[in-house]
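Numbering of residues begins at 1 and proceeds along the displayed sequence.
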Amino acid sequence: MEEVNNLHATTPAEAEQLRIRFLSKKGEIAALMNDFRSVPAELKREVGQRVNELKNLATERINQLKAEAAVAETTTSHIDLTRTAYPIQIGTRHPLTIVKNEIVDIFSRLGFTLAEGPEVEDDWHVYSSMNFADDHPARDMQDTFFVEAHPDIILRSHTSSVQARVMERQQPPIRVICPGRVYRNEAISARAHCFFHQVEGLYVDEKVSFKDLKQVLLLFAQEMFGSETKIRLRPSYFPFTEPSAEMDVSCTICGGKGCSMCKGEGWLEILGCGMVDPAVLEANGIDSTRYSGYAFGMGIERIANLKYQVKDLRMFSENDVRFLREFTAAN
């Protein structure tokens with residue numbers, strides 16, 4: 001019995017060999033039973049019991065070895081023996097995702113909630129609801145990707161369409177941040193791409209002023225680029241805001257003294273903004289005589305360029321592992 005308890009098998013084939021050796025018709029236990037006839041009558045009972053115990057013990061032990069060998073074979077069969085023995089490197093978030101999450105986190109702490117919408121949109125939400133004239137250049141094929149079978153269906157060229165969808169289903173107060181991918185029919189180069197990423201913000205409530213907009217953007221700039229960052233607002237034009245402005249921040253490289261990054265000017269443009277045009281509020285079912293609001297929008301790639309000094313936009317979409325390994329995510 002001690003020999004049976006010490007039986008060992010590492011594969012199902014080895015366990016089967018043990019079964020044949022001990023439990024088959026020509027096995028060792030069967031041979032003991034054949035010799036049972038020569039046992040004296042007074043010992044038959046005791047010997048019979050011992051032989052049965054041995055058979056049961058051998059059966060139990062061999063079945064156990066078969067089960068263990070089968071599990072081991074199943075586990076090892078999925079091991080790729082050609083893989084390197086070195087630890088697998090842990091990846092990181094994409095730099096654009098890191099920057100987007102940081103932007104969303106900053107505005108979330110300022111009371112903005114996240115809003116998202118479809119990338120395949122209709123003309124109303126992308127252009128008409130945003131006060132774009134019927135002959136506005138942005139509607140031209142040179143800027144917008146149209147779905148050929150449905151000329152009213154397009155790939156959104158900005159995330160303002162998300163703002164339109166929020167306004168048409170929700171009355172003020174509205175305070176949302178809208179990140180997402182957008183598409184424009186442009187030649188791909190180091191400074192432009194046919195798709196990129198934006199974050200737009202919208203705040204609509206009673207007595208919202210340009211001063212509120214300026215303060216929020218100053219807080220954002222200082223959170224993103226450092227507490228010493230200064231901002232500058234320059235008059236501009238956008239169909240959906242009036243008045244409109246473009247915002248510059250003091251150069252993150254030279255601190256405003258002038259360098260190659262800011263072309264010696266000490267300022268870097270990062271976003272467009274302005275007070276929501278009353279026509280946009282009315283088009284989306286909001287009373288412009290009671291409510292006012294501001295909006296702003298920025299390119300995530302632009303912020304990432306300034307933050308990480310990446311000079312070629314194509315690097316963000318080429319999935320070069322060497323480039324991606326240079327970034328680490330905080331969470």
Side-chain angles (χ1 to χ4, degrees), residues 96 99-100 103 115-168 176-202 233-248 268-284 294-306 310-318:
L96 295 182
V99 172
K100 183 201 76 173
I103 294 172
E116 297 180 317
E119 295 181 12
V120 180
E121 266 287 10
D122 55 57
D123 180 90
W124 166 259
H125 289 97
V126 176
Y127 292 128
S128 297
S129 65
M130 290 289 113
N131 200 37
F132 281 78
D134 292 338
D135 59 351
H136 194 282
R139 295 174 181 267
D140 192 270
M141 285 290 292
Q142 299 302 316
D143 288 326
T144 305
F145 285 104
F146 290 85
V147 177
E148 185 174 359
H150 302 278
D152 188 53
I153 304 301
I154 61 178
L155 299 182
R156 66 184 182 188
S157 56
H158 50 203
T159 54
S160 299
S161 57
V162 182
Q163 299 178 21
R165 289 186 174 275
V166 171
M167 286 189 286
E168 69 183 9
V176 293
I177 192 81
C178 313
R181 181 180 295 180
V182 299
Y183 305 84
R184 294 181 188 175
N185 192 8
E186 298 183 4
I188 298 175
S189 67
R191 298 177 61 84
H193 211 292
C194 62
F195 72 85
F196 54 98
H197 301 78
Q198 282 187 334
V199 173
E200 296 195 27
L202 173 70
L233 295 171
R234 295 178 287 104
S236 187
Y237 167 77
F238 304 108
F240 35 84
T241 53
E242 180 59 38
S244 303
E246 292 185 358
M247 190 182 92
D248 304 329
L268 295 164
E269 177 189 337
I270 66 166
L271 61 82
C273 60
M275 299 300 295
V276 179
D277 193 302
V280 172
L281 296 177
E282 294 292 342
N284 289 282
Y294 62 69
F296 56 85
M298 69 191 79
I300 297 178
E301 281 85 347
R302 177 62 171 165
I303 303 298
N305 281 346
L306 301 180
V310 178
K311 297 181 180 179
D312 192 335
L313 281 177
R314 292 169 293 191
M315 295 293 292
F316 292 123
S317 57
E318 291 180 346

Peer 1: Would you say I303 and I300 make side-chain contact, with heavy atoms under 4.5 Å?
Peer 2: no

Peer 1: Under the side-chain contact (heavy atoms from CB on, under 4.5 Å) rule, collect the residues that match up with L313, sequence neighbours excluded.
Peer 2: E301, N305, F316

Peer 1: Going by heavy atoms in the side chains, are E119 and R181 under 4.5 Å from each other?
Peer 2: yes

Peer 1: CE of M167 to OG of S160: how many Å apart, nearest 0.5 Å?
Peer 2: 8.5 Å

Peer 1: Return the minimal non-hydrogen interatomic distance between A164 and M130, and the atom names on each side.
Peer 2: CB-CE, 3.9 Å

Peer 1: If we ignore hydrogens and angles and just use 3.5 Å, is the side chain of T159 paired with the main-chain N or O of C178 as donor and acceptor?
Peer 2: yes

Peer 1: Please round to the nearest 0.5 Å and tell me the distance separating atom CE of M275 and atom CG of L281.
Peer 2: 9.0 Å

Peer 1: How far does CG of L233 sit from SG of C273, to the nearest 0.5 angstrom?
Peer 2: 5.5 Å

Peer 1: Would you compute the distance between atom OG of S129 and atom CD of E168 and round it to the nearest 0.5 angstrom?
Peer 2: 7.5 Å

Peer 1: Which value, rounded to the nearest 0.5 Å, describes the distance between L306 atom CG and I270 atom CD1?
Peer 2: 7.5 Å

Peer 1: Do you know which two heavy atoms are closest between P239 and D277, and how far apart they sit?
Peer 2: O-OD2, 4.1 Å

Peer 1: Using ring pair (Phe, Tyr, Trp, His ring centres under 6.0 Å) as the criterion, point out the one residue from F132, Y183, F296 that pairs with H158.
Peer 2: F132

Peer 1: Restricting to salt bridge (charged side-chain N to carboxylate O under 4.0 Å, His left out), what partner residues turn up for E269, sequence neighbours left out?
Peer 2: R234

Peer 1: Do S317 and F196 come close enough that some side-chain heavy atom pair is under 4.5 Å?
Peer 2: no

Peer 1: Tell me, please, which residues at least two apart from T241 pass side chain to side chain donor-acceptor pair (under 3.5 Å).
Peer 2: S244

Peer 1: Measure the shortest side-chain to side-chain distance between Y127 and T144 over non-hydrogen atoms and say whether it is less than 4.5 angstrom.
Peer 2: yes

Peer 1: Show the nearest heavy-atom pair for residues R156 and S161, with the distance to one decimal.
Peer 2: CD-OG, 3.9 Å

Peer 1: Looking only at heavy atoms, what is the nearest atom pair of F146 and I154, with distance?
Peer 2: CD2-CG2, 3.2 Å

Peer 1: Under 30°, 30 to 60°, or over 60°: which ring-plane class applies to H197 and F195, parallel, tilted or perpendicular?
Peer 2: perpendicular

Peer 1: Using the rule given for side chain to side chain contact (heavy atoms under 4.5 Å, CB included), can you reason through I188 versus C194, listing the C-alpha separation, both sets of side-chain angles and the distance that settles it, and then say yes or no?
Peer 2: CA-CA 6 Å; I188 298 175; C194 62; 4.0 Å; yes

Peer 1: Please report the interatomic distance CG(L271) to CD(Q198), rounded to the nearest 0.5 Å.
Peer 2: 11.0 Å

Peer 1: Work out which heavy atom in V199 is nearest to a heavy atom in P179; give both atom names and the distance.
Peer 2: CG2-CB, 3.8 Å

Peer 1: Report yes if some heavy atom in the side chain of H125 is under 4.5 Å from a heavy atom in the side chain of D122; otherwise report no.
Peer 2: yes

Peer 1: Can you give me the closest heavy-atom contact between R314 and S189, atom names plus distance?
Peer 2: CG-O, 3.6 Å

Peer 1: Assess whether side chain to side chain contact (heavy atoms under 4.5 Å, CB included) is satisfied between V276 and L202, documenting all intermediate values.
Peer 2: CA-CA 9 Å; V276 179; L202 173 70; 3.7 Å; yes

Peer 1: Can you find a pair of side-chain heavy atoms, one from N131 and one from E242, that are under 4.5 Å apart?
Peer 2: no

Peer 1: Using modelled atom types only, decide if a donor and an acceptor are shared between the side chain of D123 and the backbone of V126 within a distance under 3.5 Å.
Peer 2: no

